[in-house]
Number of protein chains: 2
Amino acid sequence: MKLSDKQLELIEQIGIYHENNGFQPAVARVMGLLLVSDKPELTFEEITESLNISKSATSNALNMLLNTGHIEYTTFPGDRKRYFRIRTSNWRDMIMKRMDDLGVLNALLKRVLEVRKRENSEYDQKLLSFTSFLDYMKVQFPILIEQWEKENQKQKA
Amino acid sequence: MKLSDKQLELIEQIGIYHENNGFQPAVARVMGLLLVSDKPELTFEEITESLNISKSATSNALNMLLNTGHIEYTTFPGDRKRYFRIRTSNWRDMIMKRMDDLGVLNALLKRVLEVRKRENSEYDQKLLSFTSFLDYMKVQFPILIEQWEKENQKQKA
DNA sequence: AATTTGGTTCTGTAAATTATGAACTAAAGA
DNA sequence: TCTTTAGTTCATAATTTACAGAACCAAATT
């Protein structure tokens, strides 16, 4: 498994992106590798060797990515190896999870408005208006996705 | 500065939320406190005492939050203390930064499609379709915000 | 039966993060 | 001038994280 310099660089960049989103470094690199490699499916061995990480790090990373639904694997008859690949369905999930996270924030902010006491606060007006925006988003966002899917469908036809 | 049990609990929950979004623990608690306290503006001293953290932790947290534009302070003539509060304008920024982050992802994925070679890949079709969705989002999202602002304006009138 | 393969699990540890407390500073007040 | 106030800075201690390496295991192969 040869990787070009461009590929190696891109794996690092994608790695950093995922690190910023809470993945640990090795896990983030595995995601990068699976995205960037010429082959869409890689074995355990290929991953360890390409990234120069230990078997334990690879095992740990793959299992965490399997558990979180970011990757999946296939097998072939008469071959004990598993072939790992990114779950494409995961992109929609990823976006949705970001929305959910805003939902958590929204719930917390509403709780804030319940719990504490502030008189005639213009600040709380803004807070209320923000939560209402988050409510609006929660409704409108799925509609936005739907619209895009329609347009995308049209283009294919 | 007395805080009710409910307030203390909520500060922790908001703290955890912000930890998950990359803030360090003490910084996240300061954000929680400023949101949840009955007074909208707190002094350095009130923050240290309410959260039971050291002066250095407080200093560090406040400076970091000031630098990142999450909080601001006012002063009053003849009073050397600074009164810290959350910048409300920051909520729009927060949402926008999330969008920007998706922009970074989008750029990386486009780079992926350029850099590697995969034949007749249905996978790459999906990837392409995802980047096109991110493009769509980038355009539509500000429009969504605008629409909401219009509706919100109407309600006030 | 012995070995190889494809991993997993279990310490140990280097490095990074996060916070503390003490010493310090600059401005204001007595 | 001495003290207090409102913080900052520094050295360091306490966690936490992230990984390597070795031992281990079950299934397949020889």
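It should be emphasised that the depicted structure is a prediction, and the values quoted were computed from it without experimental measurement. Excluded from the calculations below are hydrogen atoms, water molecules and symmetry mates; all remaining heavy atoms, backbone and side chain alike, are included. So you know, we letter chains A, B, ... as the sequences are listed, proteins then strands, and number each from 1.
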What is the distance, rounded to the nearest whole Å, between atom [atom1] of [X] and atom [atom2] of [N]?
{"X": "B/Tyr83", "N": "D/dT5", "atom1": "OH", "atom2": "P", "result": "14 Å"}
{"X": "B/Ile47", "N": "D/dA6", "atom1": "CD1", "atom2": "C1'", "result": "13 Å"}
{"X": "A/Glu49", "N": "D/dA20", "atom1": "CD", "atom2": "P", "result": "14 Å"}
{"X": "B/Lys81", "N": "D/dT8", "atom1": "NZ", "atom2": "P", "result": "14 Å"}
{"X": "A/Asn52", "N": "D/dC19", "atom1": "CG", "atom2": "C1'", "result": "13 Å"}
{"X": "B/Gln24", "N": "C/dT17", "atom1": "CD", "atom2": "P", "result": "10 Å"}
{"X": "B/Glu45", "N": "D/dT8", "atom1": "CD", "atom2": "C1'", "result": "16 Å"}
{"X": "B/Arg29", "N": "C/dT18", "atom1": "CZ", "atom2": "C1'", "result": "12 Å"}

field: Mutual orientation of the aromatic rings belonging to B/Tyr83 and B/Phe76 [parallel < 30°, tilted 30-60°, perpendicular > 60°]
entry: perpendicular
- request: Classify the angle between the aromatic ring planes of A/Phe23 and A/His18 as parallel (below 30°), tilted (30 to 60°) or perpendicular (above 60°).
  value: parallel
- prompt: Can a cation-pi geometry be assigned to A/Arg118 and A/Tyr123, taking NZ or CZ under 6.0 Å from the six-membered ring centre and within 45° of the ring axis?
  reply: yes
- prompt: Taking only side-chain nitrogens and oxygens of B/Arg82, does any of them come within less than 4.0 Å of OP1 or OP2 of D/dT8?
  reply: yes
Any side-chain donor paired with an acceptor under 3.5 Å for [X] and [Y]?
{"X": "A/Gln147", "Y": "A/Glu151", "value": "no"}
{"X": "A/Ser37", "Y": "A/Gln7", "value": "no"}
{"X": "B/Tyr17", "Y": "A/Asp101", "value": "yes"}

message: For DNA chain D, which residues of residues 54-80 of chain A approach it to below 4.0 angstrom with any heavy atom?
response: A/Ser54, A/Ser56, A/Ala57, A/Arg80
